[in-house]
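Each chain gets a letter, A, B and so on, in the order its sequence line appears, and its residues count up from 1. Atoms considered below: every heavy atom in the structure, side chains included; atoms not considered: hydrogens, waters and symmetry mates.
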Amino acid sequence: MLSSVLFVGLLHLAACSSDEKPAEPVKPAEPAEPAGPPKLDKATLEAAAENVALVPSPAEMQKALDKAGIATGLSSMVSDRALKMDIENKDVIAVRTGVAMADALLTVKDAPPEKLTARLATVKAGMTALGGGADIAATIDDINARVTNNSVSREDLVKELDEMHGAIIPEIKFEAGERAVPLIQAGSWLEGSNLVSAAIVAANNTTAGTELLRQPQVADYFLKYVEVEGAGKAPDEVLKQLHGTLTKLKEIASKPTLSIDDVKEVKSQTDAVLALL
Amino acid sequence: MLTALFLAAFSSAALADEAAAETCLKTKIWEGYNSGWAVRTATNATLGQGEHRIYLVTLYAGTEYKLMVCGDDAVVNADIVLYDSLGNEVAKDSSKDREPTVTYRAASTDTFYIAVHATQTKDAATKGGIATAVTYK
């Protein structure tokens with residue numbers, strides 16, 4: 001009797017234990033997924049903003065001009081100018097290099113090969129004088145060889161020069177110092193702004209100035225470089241004119257709307273700098 | 001030749017973990033050319049989880065802009081937020097990946113702020129390489 005009771009009891013215990021699932025190990029808590037990006041206030045944005053993407057490229061200016069309904073091609077307005085790079089002042093060389101780069105970019109689609117290669121040779125001379133390294137010089141030589149041999153399409157060249165202007169040059173560590181890049185950009189922007197203002201005046205378009213030239217932050221960015229980075233350096237006629245021009249452009253571009261007279265003033269001011277180059 | 005220079009220029013200033021981000025971005029830039037996009041600028045950064053970079057940018061009225069970001073393998077979720085000059089949010093990506101894009105067409109020519117966030121990395125202590133491009137058409 002006792003053994004039967006014990007046997008049934010043992011069976012019951014065995015049944016109970018087989019029903020129970022083994023305890024699962026306690027999982028560590030999943031790390032909480034970070035919430036989305038926090039909203040940033042204006043003061044934070046202003047304080048942390050970098051200017052690497054601030055300045056429109058000359059090719060972008062051309063596109064914006066097209067979209068504003070001004071059919072004038074900037075390429076036809078680019079003048080043949082001899083920009084000397086064998087001078088002492090590296091700041092002026094940087095500005096000249098930017099102008100030459102803008103001219104090459106704006107005429108790459110339809111310039112005769114000899115003109116395009118001459119403009120690129122000027123860019124190369126500027127890069128060399130600024131201590132841009134052998135790679136950029138070799139790249140320009142390679143492009144010029146392909147232009148001369150007619151072994152590259154102009155559409156592909158547009159991409160290559162666009163990329164050189166927007167992605168390669170800004171990353172180069174010039175021996176001339178950190179202000180070489182912004183001053184190259186300043187040269188390109190001044191040349192582009194000069195041609196855009198000339199096209200607007202020629203078309204007598206009364207509204208395009210507001211859409212295309214109202215960029216006070218860009219003028220201010222370059223102005224800060226000329227004021228701060230150029231401080232203590234020997235005064236130079238080009239840099240003095242550049243300072244005056246940028247000051248005036250910032251004032252004009254800060255208006256809510258630009259009249260045709262404002263656009264004429266932009267052209268006059270940028271003419272004054274470019275004439276000294 | 002130019003491709004090599006592009007990578008060399010980036011790499012000389014870049015940290016090792018930014019290489020994948022740069023390669024990814026360059027591929028997108030070149031693919032974009034086939035659809036009419038051109039590049040204004042491309043740049044890179046190394047960010048930890050929760051960190052961000054801010055870029056001031058001038059956008060023309062009427063021009064369409066595409067902002068592109070590529071994160072390297074250490075980045076789980078990168079985000080782009082575009083603010084106007086007054087600090088108002090005007091566009092942002094909604095994806096939870098490391099290759100966000102934002103397209104935007106400004107009503108008037110103005111300056112804007114692009115905020116690029118490393119919202120999530122593989123672990124909180126890991127920094128990731130993030131490459132950013134402003135393209136237009």
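- Atom-to-atom distance recorded for A/Gln217:CD and B/Leu56:CG is 5.0 Å, nearest 0.5 angstrom.
- Using a 4.5 Å heavy-atom cut-off against chain A, the contacting residues of residues 103-111 of chain B are B/Thr109, B/Thr111.
- Other residues, nucleotides and ligands place more than 12 heavy atoms under 6.0 Å from the NZ atom of A/Lys67.
- Each of A/Glu211, A/Glu60, A/Lys42 has some count of heavy-atom pairs under 4.5 Å with chain B, and the biggest count is that of A/Glu60.
- Most heavy-atom pairs under 4.5 Å with chain B, from the set A/Ala64, A/Ala49, A/Gly133, A/Pro56: that is A/Pro56.
- Minimum interatomic distance between A/Pro37 and B/Thr119 (heavy atoms only, all atoms of both residues): CD-OG1, 4.0 Å.
- The shortest non-hydrogen separation linking A/Pro38 to B/Tyr83 is O-OH, 3.8 Å.
- Heavy-atom distances place the side chain of B/Val134, and not its backbone, under 4.5 Å from chain A.
- A/Leu45 and B/Gly87 make their closest contact through CD1-CA, 3.9 Å (heavy atoms, listed as atom of the first residue, atom of the second, distance).
- Side-chain N or O atoms of B/Thr58 include one that pairs as donor or acceptor with a backbone N or O of A/Leu54 at under 3.5 Å.
- Formation of a donor-acceptor pair under 3.5 Å by the A/Asp162 side chain with backbone atoms of B/Val39 is found in this model.
- Around atom NZ of B/Lys66, more than 12 heavy atoms belonging to other residues, nucleotides or ligands sit under 6.0 Å away.
- In terms of heavy atoms, B/Trp30 sits closest to A/Lys159 at CZ3-CD, 3.8 Å.
- Taken from CG in B/Asn34 to CD in A/Glu155, the straight-line distance is 11.0 Å, to the nearest 0.5 Å.
- Residue with the most contacts toward chain B among A/Val218, A/Val55, A/Asn51: A/Val55 (heavy-atom pairs, distance under 4.5 Å).
- Between A/Glu163 atom CD and B/Thr41 atom OG1 the span is 11.5 Å, to the nearest 0.5 Å.
- For B/Tyr55, the parts lying near chain A are the backbone and the side chain together; criterion is any non-hydrogen pair under 4.5 Å.
- Contacts of B/Lys92 with chain A are absent, with no heavy-atom separation under 4.5 Å from either backbone or side chain.
- Contacts between A/Ile169 and chain B at a heavy-atom distance below 4.5 Å are absent for every atom of the residue.
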Could you walk me through whether B/Tyr60 and A/Met61 pass the side chain to side chain contact (heavy atoms under 4.5 Å, CB included) check? CA-CA 9 Å; B/Tyr60 281 119; A/Met61 292 182 185; 3.2 Å; yes

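- Side-chain atoms of A/Ser57 do not come within 3.5 Å of backbone N or O of B/Arg40 as any donor-acceptor pair.
- For B/Glu89 and A/Lys39, the salt-bridge test fails: no basic side-chain N is under 4.0 Å from an acidic carboxylate O.
- Ranked by heavy-atom pairs under 4.5 Å with chain B, the list A/Leu40, A/Thr44, A/Asp41, A/Val52 is led by A/Leu40.
- Proximity to chain A (any heavy atom under 4.5 Å) is restricted, for B/Ala115, to the side chain, taken from C-beta onward.
- Contacts between A/Ala47 and chain B at a heavy-atom distance below 4.5 Å are absent for every atom of the residue.
- The salt bridge (charged side-chain N to carboxylate O under 4.0 Å, His left out) search around B/Lys28 returns B/Glu99, not counting sequence neighbours.
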